[in-house]
Amino acid sequence: MSVWNFLRQWKGKSKKKTPEQLYLAPEASQMISGSLNKNKRILDQAYQDCADVIQRVIRFGEKGESGALLVYLEGTANVEEIDEHVIKSLQKSKKPVRSLEDMKQALSVTDAQKIKQFADVFKNVSDGKPVLFLDGVPSALILGLTKWATRSVEDTPTEPVIRGAKEGFVESLHVNISLIRRRIRTPKLKVKTLEVGDYSRTQVALTYMDGICDKKLIQEILDRVNRVSIDGVWDGGMIQEQIQDQRWSIFPQIQTTERPDTICAAMLEGRAALFFEGTPNVLIMPTTFFAFMQSPEDYYSGFIISTLLRILRTIFILIALLAPAFYIAVITFHQELIPTTLIMSVIQFREQVPFPAVVEAVGMEITFEGLREAGVRLPRQIGPAISIVGALVIGQAAIQASLVSPAMVIVVSITAIASFMIPHYDLSIAIRILRFPIMIIASMFGLLGVVLSVICIVIHLTSLRSFGIPYFEPFAPFRKKASLDSVVRAPLWVQKQNPQGAHGNRNQSVKGRGQKT
Amino acid sequence: MIKSEKITLFHYYLPIYLGMITTGILTMPTMLYKAAEQNLWLPLIVSSLAGYVMVLVVTYLYHRFPGQTLIEIFRTTMGRWIGNFCSALLLGLLIGQAIFILREYQMYVTINYYQYMPAVVVIGLLLLVCMYAVHQGLEVICRSSVFFFPFIIAVQLITCLLILPELSPYRLLPILDKGILYPLKGAVFSFAWYSEFLWGAFYMPAVSVPAKKMLTTGFLFVTATTVSLLIVFFVVICFLGDATSQYLYSFDIVERYIQVSGLIERSSALFMIVWLLGVFVKMALLMFIISVNTAHFVKKISYAKLALPVMLLLLLISSFCFTSMKSMYQNGMFFLNICCLVGNMILPILLLIYCLLFHRDTPRSSGQ
């Protein structure tokens, strides 16, 4: 046993490489030398076969006796500003430039930092910052002249609202942070940055409100994110999957959004947000089940309207989950539940259909899911085509072919509408998937099976936690104040009297726990 | 073991309450009517005394032996051999109660909805779900019962409200026409029912509250149980009158007669759904208690891992016991009363007396 352990450890040790060793060139351990030629040789070696690395030697001084070497990545550095503020400034400089301090004075660039190691050179060049070496000086200057190509701020196609802010996050981390800075104007809004991904070294920013958010939560999030081992991160989802409390659950325990107002509201409730460079999707944690049933618009359009809408959504979630299963159970086992006149017509139509109800229902639901998936993946130009075909498959033609009964088409359509009513895609897909096992169980055990599967789902939901907060919170365990903003939405002035919040206490930190999105 | 799990006092009593009213409203009216006729409220109120006594016993034990379950208390006070014997006896009696509840559930479901489904399947389905709940722990059982609570209460209350126009209160008369003692015969049956308040003693360490609060909340829940059952009894008697004794599930019959604009006429499915929710809460709690108690015997195994063997054991025993309606309501009822009276009342009260008489060495005033 001990030999085996030893072997395992030995094997593990030999394979393990630090992240730095993975993404940096082998030359990274060297120090910057005083000789420009030697530096250039090292750079050439490291950036071999990198056509987009620009190295330019600048000669300046009265007789061209001083030399400098500028290195940057094409397309990531701001070339106009480099021309204007670096090259021109140096060439115009009257004073002799003998040290980096002199060079700083000569350049008209605000952000300039001194570095001594090649590791820092490689890191900063990858970040898009030009690096300037000076002949005879064993260190270099980083210039903050980056310019990445980004999309401009546009409205969010995935979370549309009628009333409320239209702008959504973009792929640039800095733009995204600025969008929330613009809404919460206080130094208490804290932004912590870290890097994830062995090769991608994706910038991640953790934002929270100091004094409202619990310190332990921040530490827990940082610990979990740092523990993640992954080559590259292209979206928050890749991290979400690895840091949520119950990884095997179908229910999302971290909320995703593209809306700055949602993030700001969540942070004022004591939640934390995780931004990733290169994706507009931001993670909110902790979250609860009921947060996925809420739209930011609920807070903008009056409490009566939003309460009614939320009740409507709750009913339709149940329909999305249970309607086909209930139909199967009733048709197969409990015909006595249907009023006599209705059962006559249902039977009349079902006589012509050669399949049992469950085959009919599962077939139709799978067809519908297929249609939906095809609609998402199709290029926009041929999108309408799928809806025409869809209307034939789930519709009159299918009934005329005696493949399905009209009642089934209605059930499937209502289910489809209901599943589209869930404001967050993560939850809606979970509900849609759960529908299928319940349908099968309903066909075997009828209503008993349906009820027991719902109980199973409730057991699972109540056992979940999101960063220590019970997932099913304002209801199980019941919290009176928080439940004012769950399936109903109490008027804002009533919620404002809520004495919770604005304390760095975990129990009170997530104010109203699990409500506002 | 369950010390890591923390529940509130409301969570502590709620599953017991839900379990009692669920099974109570289904079969109790008929049983009590046979004994006490229209005066069936009297035995119920009298036997609710048992509930208060049980809450007192549990609170005293909770106060006197903090952080210990009933089984552990038996062992620490009575020594290893007697303590082990008593806890084994308790375990057996609890399994007996579980068997009866399972069969009761199976009979109800089979008779009303699934004539052709084998009993093993009906019982096995519920046991599977309960096993999952036990596996997730006490917190989850309590939380899900909190979630089901409004649905169960709402459906029962709405049923009572909608049937109001059909009620004839004169069926409650004459009051006490055969004297006070005649209806009290029925109290034996409901005594057993109320003794279920002892179940809390098996997961006491999960709550941490002052004993006084535990006592008052417990009394509140016993009163709530009595009131809820009384409402249902009055509705049943006022609606069915003499016919109550003819139906096995009288409240189910009542609910079938609801008529609101031709729309809510077939709500019996709804009734079954909430009844299933209640019976799940009761069964999951009982199975949890059995698993925890078994875990005391099989050391070093957590109760969550024992959920599967306990489930198989219950399934096995229940498939042999009380296979017919007749055997269940004649032998089974007697058996259940013995199980409840001995396990839930006599044994704990003996323990209490023993503690009061011979275990005064820990000088702490009782929480009463």
Side-chain angles (χ1 to χ4, degrees), chain A residues 246 249 288-290 314 318 322 325-327 329-343 438 441-465 468-480 483 486-488 507, chain B residues 6-8 10-11 14 105-106 108-110 112-117 121-122 124-151 256 262-281 283-284:
Chain A
Q246 176 62 265
S249 174
T288 64
F289 181 78
F290 296 95
T314 315
L318 287 178
L322 298 175
F326 193 78
Y327 175 80
V330 166
I331 288 289
T332 324
F333 286 90
H334 314 280
Q335 294 90 350
E336 76 274 7
L337 295 180
I338 312 173
T340 321
T341 40
L342 183 60
I343 190 123
I438 299 183
I441 291 171
S443 74
M444 292 192 284
F445 307 112
L447 268 184
L448 177 71
V450 177
V451 176
L452 292 180
S453 9
V454 171
I455 292 177
C456 276
I457 293 173
V458 171
I459 294 173
H460 177 65
L461 283 175
T462 46
S463 72
L464 285 182
R465 278 169 180 276
I469 303 287
Y471 191 55
F472 220 44
E473 193 169 65
F475 290 115
F478 184 72
R479 305 212 186 272
K480 195 177 152 203
S483 65
S486 49
V487 173
V488 296
N507 287 329
Chain B
K6 285 277 163 262
I7 55 174
T8 65
F10 182 66
H11 290 181
L14 190 71
Y105 144 82
Q106 180 261 320
Y108 171 68
V109 168
T110 305
N112 284 300
Y113 300 95
Y114 298 94
Q115 283 86 351
Y116 305 108
M117 199 180 277
V121 176
V122 178
L125 279 176
L126 181 72
L127 278 177
L128 264 180
V129 177
C130 290
M131 183 191 80
Y132 180 45
V134 173
H135 195 79
Q136 298 291 337
L138 178 64
E139 276 182 355
V140 168
I141 295 174
C142 294
R143 281 189 198 151
S144 41
S145 65
V146 170
F147 183 71
F148 295 141
F149 169 61
F151 295 101
R256 277 182 199 186
L263 185 70
I264 319 177
E265 275 184 43
R266 290 153 201 277
S267 54
S268 54
L270 207 61
F271 185 79
M272 180 190 84
I273 287 170
V274 294
W275 193 82
L276 281 177
L277 295 182
V279 91
F280 155 74
V281 170
M283 199 55 222

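Just so it is clear, the model here is predicted, and its values are computed rather than measured. We name chains A, B, ... by the order of the sequence lines, and we start the count at 1 in each one.
Top candidate by heavy-atom pairs under 4.5 Å with chain B, chosen from A:Val454, A:Val451, A:Val330, is A:Val451. Most heavy-atom pairs under 4.5 Å with chain A, from the set B:Phe149, B:Tyr114, B:Phe148: that is B:Tyr114.
In this structure, CD1 in A:Ile457 is found 13.0 Å from OG in B:Ser144, a value given to the nearest 0.5 Å. Atoms CD1 and CG, from A:Ile455 and B:Leu277 in turn, are 5.0 Å apart once rounded to the nearest 0.5 Å. Expressed to the nearest 0.5 Å, how far CZ of A:Phe478 lies from CG of B:Leu14 amounts to 12.0 Å.
Residues in residues 131-150 of chain B take part in these salt bridge (Lys or Arg N to Asp or Glu O under 4.0 Å) pairs, two or more places apart or across chains: A:Arg465-B:Glu139, B:Glu139-B:Arg143. Listed by first and then second residue, the salt bridge (Lys or Arg N to Asp or Glu O under 4.0 Å) pairs involving residues 445-455 of chain A amount to none (not counting sequence neighbours).
Within 6.0 Å of CZ on B:Phe147 lie more than 12 heavy atoms contributed by other residues, nucleotides or ligands. With a 6.0 Å radius and a threshold of 12 heavy atoms from other residues, nucleotides or ligands, B:His135 has its NE2 atom at or below the threshold.
You'll find the ring centres of B:Tyr113 and A:Phe333 outside the 6.0 Å limit.
In this structure, chain B has a heavy atom under 4.5 Å from the side chain of A:Phe472, while its backbone stays farther away. In this structure, chain A has heavy atoms under 4.5 Å from both the backbone and the side chain of B:Leu126. Using a 4.5 Å cut-off between heavy atoms, B:Tyr116 does not touch chain A at all.
Taking both residues in full, the closest heavy atoms of A:Leu448 and B:Met272 are given as N-CE, 4.1 Å, listed atom of the first, atom of the second, then distance.
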Checking side chain to side chain contact (heavy atoms under 4.5 Å, CB included) for the pair B:Val129/A:Ile459: CA distance, chi angles, key distance, verdict?
CA-CA 9 Å; B:Val129 177; A:Ile459 294 173; 4.1 Å; yes
